[in-house]
Amino acid sequence: MDDLLTKENLEYRAMAREIADKHVRPVAAELDRTAEYPWTVVRALQDAGLMGVWIPKEYGGRGGGVMNLCLVVEELSKACGGVGVTYAVNALASFPIIVGGTEEQKQKYLPDVAQGKTLMAFGLSEKASGSDAGSLTARAEKRDGFYVMNGDKKWNTNGNSATLYSIFCSTNPDRGGRGVSAILVEKGTPGFEIGKKEDLMGIRCVPVHELHFNDCYVPEENLLGGKEGHGFKHAMMTLDLARPGVAAQALGLAQGALDLAVEYTMERQQFGQSVASFQGIQWMLADMATKVEAARQLIYACARAIDGGAKNVSKMAAMAKVFATDVAMSVTTDAVQLFGGYGYCKDYPIEKYMRDAKITQIYEGTNQIQRLVIGRSLIKEAAAGQPRTQSAEA
Ligand SMILES: Cc1cc2nc3c(=O)[nH]c(=O)nc-3n(C[C@H](O)[C@H](O)[C@H](O)COP(=O)(O)OP(=O)(O)OC[C@H]3O[C@@H](n4cnc5c(N)ncnc54)[C@H](O)[C@@H]3O)c2cc1C
């Protein structure tokens with residue numbers, strides 16, 4: 001389906017593919033084993049100018065939008081799902097500035113993010129506040145030109161490699177979700193500490209940390225958008241833009257696993273012939289490939305709708321995320337099956353795809369939550385007397 005991609009899309013994809021082939025695939029197993037951050041890859045992405053793909057041109061980025069972001073994430077994730085998210089989380093954490101930041105905040109922070117000089121992380125979740133994000137308890141109180149932050153964040157992807165953090169906290173606990181605000185916190189701010197690193201099942205090269213705030217004084221100009229109480233709205237707008245990126249991570253993993261499965265089953269001999277020559281195996285491969293292509297088309301359609309200025313993208317972004325990530329789990333699991341016993345061993349790269357795929361069904365809103373978003377949209381549209389066949393309204 002390459003004919004639907006623009007010349008620009010193909011260029012981004014080719015650049016990312018080259019980096020994946022040269023810098024990611026050869027070290028993917030080692031990164032998984034050591035759980036080390038892929039600095040070499042990040043430097044290659046910086047050199048290629050890919051760190052600012054999604055950032056508007058007026059702030060030093062390439063203005064490539066969500067579609068080109070997805071293409072880069074897909075290519076990186078085809079080689080390593082951990083590297084894919086290492087990259088994509090910069091988009092997740094910088095989208096709040098793009099959608100809700102003041103002009104000064106955009107000018108101050110986005111150019112360095114676009115160049116990859118600043119790596120970012122996104123802090124919404126807490127120990128007791130996951131799916132119910134509006135119940136967060138981290139606090140920020142305004143005092144003498146500062147916000148004084150107290151509380152803890154859990155599951156911060158890029159936790160210790162980032163230098164700038166979009167942190168969601170309550171500036172008015174009496175207002176619940178409407179009292180949530182986002183604050184931009186720079187690494188090294190006194191009172192801000194990076195805590196425990198999680199020992200993950202998959203995506204092991206990306207550091208996921210707890211964050212702690214103890215009387216952390218952040219200048220009041222770091223309140224995102226300059227107004228309190230808009231944090232939850234900014235978080236939801238961000239997730240609408242970022243979920244196609246998680247879907248693209250899942251797509252890359254599924255495609256990467258499928259490619260390996262085709263290659264392996266063509267080589268593996270049983271009963272005097274390649275296992276790929278058995279119809280039962282071909283049917284499995286056919287179903288895997290069909291699911292992968294369906295996921296791809298849904299993600300690209302969603303990304304194009306977002307870039308085209310569609311207004312109501314929550315349902316479509318949730319559909320792309322839930323479909324592609326469920327596909328990734330099923331395709332990577334089937335790929336392990338096609339490798340037989342060898343699929344269950346670390347001598348072969350395939351089991352890592354299955355471990356990496358699992359998280360895509362969990363973060364940026366679990367797939368149960370995506371289904372809630374889709375279901376609620378359907379009911380809302382029907383109640384408004386406008387049942388729709390697609391959610392992205394131009
Ligand atoms: C590796 C990793 C990286 C992460 N990175 C980040 C990050 O960078 N920034 C960040 O802010 N967060 C991050 N997260 C957090 C992630 O987004 C949450 O784990 C996720 O939103 C789920 O929250 P929870 O773990 O508290 O599960 P819970 O909300 O406790 O859910 C437990 C189970 O109940 C289900 N459930 C909950 N509510 C409902 C409902 N209403 N209907 C049906 N089912 C429901 C869930 O789907 C899940 O199956 C990360 C998590 C992990 C594991």
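No hydrogens, no waters, no symmetry mates; every other heavy atom, side chains included, goes into these values. For ligands, and for the atoms within them, numbers begin at 1 and follow the listed sequence. All residue numbers refer to positions in the sequence shown, counting from 1.
- Put simply, atom 4 (C) of ligand 1 has protein non-hydrogen atoms near it, under 4.0 Å away.
- Per-atom contact check: atom 34 (O) of ligand 1 does not touch the protein, criterion being a heavy-atom distance below 4.0 Å.
- Residues Thr157 and Leu92 fail the side-chain proximity criterion, which asks for heavy atoms closer than 4.5 Å.
- Taking 4.5 Å as the limit, some side-chain heavy atom of Leu224 sits within range of a side-chain heavy atom of His234.
- In the vicinity of Phe122, heavy-atom distances shorter than 4.0 Å reach the ligand 1 atoms 7 (C), 8 (O), 9 (N), 10 (C), 11 (O).
- Residue contacts with ligand 1 for Asn367 are absent, since no atom lies close enough (heavy atoms, distance under 4.0 Å).
- In this structure the side chain of Leu260 reaches within 4.5 angstrom of the side chain of Tyr353, judged on heavy atoms.
- Close approach to Ile359 involves these atoms of ligand 1, each under 4.0 Å from a residue heavy atom: 1 (C), 2 (C), 52 (C), 53 (C).
- Salt-bridge formation is detected for the pair Lys315/Glu381: a Lys NZ or Arg NE/NH1/NH2 atom is positioned less than 4.0 Å from an Asp or Glu carboxylate oxygen.
- Side-chain atoms of Glu198 do not come within 3.5 Å of backbone N or O of Pro207 as any donor-acceptor pair.
- Around the CD atom of Glu193, the shell of radius 6.0 Å holds no more than 12 heavy atoms that belong to other residues, nucleotides or ligands.
- Annotation for ligand 1: atoms under 4.0 Å from non-hydrogen atoms of Thr366 are 22 (C), 46 (C), 47 (O).
- Counting heavy atoms of neighbouring residues, nucleotides and ligands inside a 6.0 Å radius, atom OH of Tyr342 does not exceed 12 of them.
- No part of Leu92 comes within 4.0 Å of ligand 1, judged by heavy-atom distances.
- Side chain to side chain, Gln337 and Tyr344 fail the donor-acceptor criterion of an N or O pair below 3.5 Å.
- Ring centroids of Phe168 and Phe122 are separated by less than 6.0 Å, placing the two rings close together.
- Under a 4.0 Å N-O distance rule, the pair Lys142/Glu220 qualifies as a salt bridge.
- Looking only at heavy atoms of the protein, atom 6 (C) of ligand 1 is closest to Trp155 O, 2.6 Å.
- Of the polar atoms of Ser131, at least one N or O is found under 3.5 Å from an N or O of ligand 1, judged by distance alone.
- At under 3.5 Å, a nitrogen or oxygen of Thr157, whether backbone or side chain, sits near a nitrogen or oxygen of ligand 1.
- Shown in contact with Gln368 at under 4.0 Å from a heavy atom are these atoms of ligand 1, numbered in order with element: 43 (C), 44 (N), 47 (O), 49 (O).
- Of the protein's heavy atoms, Ile369 CD1, 3.8 Å lies nearest to atom 39 (C) of ligand 1.
- Judged by distance alone, the side chains of Thr86 and Asn158 never bring a donor and an acceptor atom under 3.5 Å apart.
- In terms of N/O distances under 3.5 Å, ligand 1 is not approached by Gly123.
- Looking only at heavy atoms of the protein, atom 42 (N) of ligand 1 is closest to Leu372 CD1, 3.9 Å.
- The pair Glu126-Lys153 counts as a salt bridge, with a side-chain nitrogen and a carboxylate oxygen less than 4.0 angstrom apart.
- When the heavy atoms of Gly82, Ser125, Ala93 are ranked by distance to atom 11 (O) of ligand 1, first place goes to Ser125.
- The single protein non-hydrogen atom nearest to atom 26 (O) of ligand 1 is Gly130 CA, 3.2 Å, given as residue, atom name and distance.
- Protein heavy atoms are absent from the space less than 4.0 angstrom from atom 30 (O) of ligand 1.
- When non-hydrogen atoms are compared, ligand 1 lies under 4.0 Å from the backbone of Glu364 (N, CA, C, O) but not from its side chain.
- In the vicinity of Ile362, heavy-atom distances shorter than 4.0 Å reach the ligand 1 atoms 20 (C).
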